[in-house]
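Below you'll find the structure, written out as structure tokens, and then a few comments.
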Amino acid sequence: MLAPLAVTLLALAAGCAASDPPSGPPPEHEIPSLGPDQVWVVAISDPRGDLGDCAQDAAVAQALMTTDEPASHISMVLVAEATQADVERVLTCVDDALTSGDVTVTTTPG
């Protein structure tokens with residue numbers, strides 16, 4: 001009775017190992033179009049890493065983080081004059097600085 005269970009567990013373990021994501025460059029982020037009177041926001045859920053330099057970028061108007069330890073969310077609101085190149089530069093900084101976390105780009109009224 002235990003032999004079929006062991007085979008099933010081994011098959012599941014092999015399937016999980018085979019589905020590990022390949023290592024490589026950071027994922028591309030979708031950058032939404034801006035509407036009238038909107039600004040971009042780079043939002044990071046469960047950030048791990050040192051994002052201090054990214055928050056100091058000239059295109060970042062305001063960086064906000066939750067007060068829990070470690071922080072569960074960081075948002076970087078970009079200046080109204082930010083260009084797509086500015087967003088891409090901040091995203092590159094974030095991708096390089098993070099050891100883990102989920103990054104999205106959204107817009108908000110500015």
Side-chain angles (χ1 to χ4, degrees):
M1 189 69 131
L2 290 179
L5 178 61
V7 170
T8 302
L9 291 175
L10 283 174
L12 287 173
C16 289
S19 66
D20 286 344
S23 61
E28 299 226 1
H29 303 287
E30 183 177 332
I31 300 174
S33 298
L34 283 178
D37 300 319
Q38 288 188 322
V39 295
W40 280 296
V41 178
V42 176
I44 308 125
S45 298
D46 298 315
R48 301 296 176 263
D50 183 3
L51 298 168
D53 289 342
C54 305
Q56 298 302 316
D57 188 285
V60 176
Q62 186 176 38
L64 307 167
M65 66 195 276
T66 56
T67 58
D68 52 340
E69 290 286 332
S72 59
H73 188 86
I74 295 175
S75 293
M76 295 183 201
V77 181
L78 276 60
V79 296
E81 301 79 24
T83 64
Q84 177 130 353
D86 293 326
V87 180
E88 291 170 359
R89 183 181 64 249
V90 171
L91 285 171
T92 298
C93 181
V94 168
D95 284 337
D96 290 347
L98 283 179
T99 57
S100 68
D102 295 317
V103 181
T104 57
V105 180
T106 62
T107 61
T108 191

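Everything quoted here is computed from the prediction, not taken from an experiment.
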Validation: residues 54-65 side-chain donor-acceptor distances under 3.5 Å, sequence neighbours left out:
residue : atom : partner : partner atom : Å
Asp57   : OD1  : Ala59   : N            : 2.8
Asp57   : OD1  : Arg89   : NH2          : 2.8
Asp57   : OD2  : Arg89   : NE           : 2.8

Transitive ILVMFWY side-chain link [X] to [Y], under 4.5 Å:
X      : Y     : answer
Val105 : Leu78 : yes
Leu34  : Val77 : no
Leu98  : Val41 : no

Can you tell if the side chain of [X] reaches within under 4.5 Å of the side chain of [Y], non-hydrogen atoms only?
X     : Y      : value
Val94 : His29  : no
Asp68 : His73  : no
Asp46 : Ser100 : no

Minimum heavy-atom separation for [X] and [Y], please, with both atom names.
X      : Y     : result
Thr107 : Pro32 : CG2-CG, 3.9 Å
Asp53  : Cys93 : C-SG, 4.2 Å
Met76  : Val90 : SD-CG1, 4.2 Å
Trp40  : Ile31 : NE1-CG2, 3.5 Å

Note to self: Would Val39 and Thr108 count as a side chain to side chain contact (heavy atoms under 4.5 Å, CB included) here? Give the steps.
What the structure shows: CA-CA 6 Å; Val39 295; Thr108 191; 3.6 Å; yes
Next item on the list: Kindly compute the distance separating CD1 (Ile44) from CG (Leu51), expressed to the nearest 0.5 Å.
Entry: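 Output value for this atom pair is 5.0 Å.
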Next item on the list: For Asp95 and Thr92, test the side chains for any donor-to-acceptor distance below 3.5 angstrom and give the result as yes or no.
Entry: no
